[in-house]
Asker: 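Dumping the structure here so I can ask a few things about it.
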Amino acid sequence: VVVGGCINQASQKEQIEYTLNWSDGSCFNDNDCEAFEYGCGGNHIVCTSNTTKWKDVISTCEVLENHPSQLGYECSCVVSENKCGWSKRA
């Protein structure tokens, strides 16, 4: 499986509260979600409640400058969506 994702330029400028890009799984609280490094050298990170699903994923070997973890977001449970996602750090 090869995966990818991005946040569009408009989203970066608007400083959105959370994004579900590069995330997977459902949750009830932050303890249900984990920032899991996968792929080539662990350069890709998914916020997930199911790390087993991502264990053997193959990815490209590029630095993802527009990844939520590089834009001030942290892996958490987006309770309003009951999904793991990336929330803006306070």
Side-chain angles (χ1 to χ4, degrees):
V1 176
V2 179
V3 296
C6 65
I7 298 175
N8 64 38
Q9 296 297 328
S11 296
Q12 290 179 26
K13 292 177 184 174
E14 292 170 13
Q15 297 295 313
I16 56 175
E17 187 177 326
Y18 70 87
T19 181
L20 299 178
N21 292 340
W22 293 95
S23 62
D24 172 60
S26 58
C27 60
F28 294 103
N29 60 56
D30 287 343
N31 293 329
D32 296 332
C33 302
E34 178 181 346
F36 184 74
E37 296 179 358
Y38 69 92
C40 179
N43 288 326
H44 295 78
I45 305 170
V46 65
C47 181
T48 184
S49 60
N50 185 2
T51 57
T52 304
K53 175 180 175 180
W54 294 91
K55 186 179 76 158
D56 296 320
V57 169
I58 298 169
S59 70
T60 58
C61 292
E62 62 196 286
V63 175
L64 303 172
E65 295 175 7
N66 63 344
H67 189 279
S69 66
Q70 300 295 320
L71 299 173
Y73 292 83
E74 61 187 355
C75 177
S76 66
C77 179
V78 179
V79 177
S80 62
E81 304 278 346
N82 284 94
K83 293 183 178 183
C84 293
W86 298 91
S87 298
K88 195 68 175 168
R89 293 182 191 123

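Worth saying up front: this structure is predicted, and the values here are computed from it rather than measured.
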Asker: Looking at OG of Ser26 and CD of Glu81, how far apart are the two atoms once the value is rounded to the nearest 0.5 Å?
Answerer: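 Here the interatomic distance stands at 12.5 Å.
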Asker: Say you draw a straight line from CZ of Phe28 to OG of Ser49; how long is it, rounded to the nearest 0.5 Å?
Answerer: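 These two atoms lie 10.0 Å from each other.
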Asker: Could you grab the distance from atom CD1 of Ile45 to atom OG of Ser59, nearest 0.5 Å is fine?
Answerer: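 Spacing of CD1 (Ile45) from OG (Ser59) equals 11.0 Å.
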Asker: Nearest 0.5 angstrom please: Thr48 OG1 to Lys53 NZ, how far?
Answerer: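 Answer rounded to 0.5 Å: 7.0 Å.
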Asker: For the NE2 atom of His44 and the CH2 atom of Trp22, what is their distance to the nearest 0.5 Å?
Answerer: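 With rounding to 0.5 Å, NE2 (His44) is 4.5 Å from CH2 (Trp22).
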Asker: For Ile16, does its backbone N or O pair with a side-chain atom of Tyr73 as donor and acceptor, under 3.5 Å?
Answerer: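 Confirmed, Tyr73 side chain pairs with Ile16 backbone.
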Asker: I'd like to know if the side chain of Lys88 and the backbone of Leu71 have a donor-acceptor N/O pair within less than 3.5 Å.
Answerer: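 Such a contact is found between Lys88 side chain and Leu71 backbone.
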Asker: How many angstroms lie between atom CG of Asn29 and atom CG of Asn82, to the nearest 0.5 angstrom?
Answerer: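 It is 10.5 Å, given to the nearest 0.5 Å.
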Asker: Would you say the ring centroid of Trp54 lies under 6.0 angstrom from that of Phe36?
Answerer: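 Ring centroids of Trp54 and Phe36 are no less than 6.0 Å from each other.
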Asker: Evaluate whether the separation between SG of Cys84 and SG of Cys33 stays below 2.5 angstrom.
Answerer: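 Taking the criterion (SG atoms under 2.5 Å apart), Cys33 and Cys84 satisfy it, so yes.
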Asker: Do you know the tightest heavy-atom contact between Ser76 and Ser87?
Answerer: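 Residues Ser76 and Ser87, closest heavy atoms: OG-OG, 2.7 Å.
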Asker: Testing Val78, Thr19, Val46 for side chain to side chain contact (heavy atoms under 4.5 Å, CB included) with Trp86, which one passes?
Answerer: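 So the option named by the test is Thr19.
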Asker: What pair of heavy atoms forms the shortest contact from Arg89 to Ser69, and how long is it?
Answerer: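 Of all heavy-atom pairs spanning Arg89 and Ser69, the closest is NH2-O, 3.9 Å.
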